[in-house]
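Note sheet for the following structure.
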Amino acid sequence: MTRAGTLRAAAAAAALALPLALAAPGAAAAAPADTSDGHDVRALSVRHYYTTWRDARSYWSQDTRYATTGWLWAGRHYFFCQTQGTAHSDGEGGLSTWWVLTDDDTGNRDVFVSATALRVSEPWKPVEGLPRC
C-alpha cells in the first residue's frame with residue numbers, strides 16, 4: 001500500500017471511530033459514579049452559588065487548626081458541598097459547625113470556609129440547597 005493509500009485508510013478509520021468516541025462520554029455519564037461510602041462523585045462537581053458577606057479565611061479541613069494562607073473575599077462565589085466540623089465564630093456573635101467546600105480567591109483549591117461567612121447561613125443549621133460532602 002502506498003503512503004497516500006495508508007493515509008486514506010487511516011482517515012477512513014478515524015471517520016468511523018469518531019462517532020463512537022463522541023457517544024462514549026454520554027454512556028459513561030449514565031453509569032453510577034458512587035464512591036464506597038455512597039456519595040455520588042458527580043454531585044461534588046456541581047457549583048452552587050452563594051454570597052459571602054465578609055472576607056473569610058480558608059482551611060484545609062473543617063477544623064480550625066488547619067488554616068491555609070488563603071482567603072475568600074466578600075462577594076458571590078461557588079461552593080460544592082457542606083459538612084459539619086468544629087464550631088466557628090464569625091466574630092460578631094454568629095456560630096456554626098457547618099463548613100462549605102470551595103476554591104478560595106488566593107489560589108487554594110478544595111478548601112473549607114465556615115458557613116458563618118455566607119449571607120444565607122443560619123446559626124447551627126446547614127446551608128439550604130447545598131448538598132452534603
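All residue numbers in this chain count up from 1 along the given sequence. Owing to the predicted nature of the structure, the values given are computational and were not obtained by experimental measurement.
Minimum heavy-atom separation, Thr116 to Trp53: O-NE1, 2.8 Å. Residues His48 and Gly129 come closest through the heavy atom pair ND1-O, 3.8 Å. Taking both residues in full, the closest heavy atoms of Arg57 and Thr68 are given as NH1-O, 3.4 Å, listed atom of the first, atom of the second, then distance.
Rounded to the nearest 0.5 Å, atoms OG (Ser58) and CZ (Phe112) are 11.0 Å apart.
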Item to check | Pair Val100-Phe80, side chain to side chain contact (heavy atoms under 4.5 Å, CB included): steps then yes or no | outcome: CA-CA 7 Å; Val100 293; Phe80 301 109; over 6 Å; no
Checklist entry - Can Leu72 and His77 be said to form a side chain to side chain contact (heavy atoms under 4.5 Å, CB included), step by step? => result CA-CA 8 Å; Leu72 189 67; His77 300 281; 3.4 Å; yes
Next on the checklist: I'd like to know whether Asp103 forms a side chain to side chain contact (heavy atoms under 4.5 Å, CB included) with Asp110, so could you lay out the CA-CA distance, the side-chain angles of the two residues, the decisive distance to 0.1 Å, and finally the verdict.
Outcome noted: CA-CA 5 Å; Asp103 301 327; Asp110 298 326; 4.0 Å; yes
Donor-acceptor contacts under 3.5 Å from residues 117-124 side chains, at least two apart:
{"unit_1": "Ser121", "atom_1": "OG", "unit_2": "Ala115", "atom_2": "O", "d": "3.0"}

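Judged purely by distance below 3.5 Å, without hydrogens or angles, the side chains of Asp104 and Thr106 pair a donor atom with an acceptor atom.
Only one option out of Leu101, Val127, Thr102 pairs with Cys81 in a side-chain contact (heavy atoms from CB on, under 4.5 Å); it is Leu101.
For Trp99, the ring pair (Phe, Tyr, Trp, His ring centres under 6.0 Å) partners two or more places apart in sequence, or in a different chain, are Tyr59, His88.
A donor-acceptor pair under 3.5 Å is formed between the side chain of Gln82 and the backbone N or O of Leu130.
Following chains of ILVMFWY side-chain contacts shorter than 4.5 Å, one cannot reach Tyr78 starting from Trp73, and the two form parts of different hydrophobic clusters.
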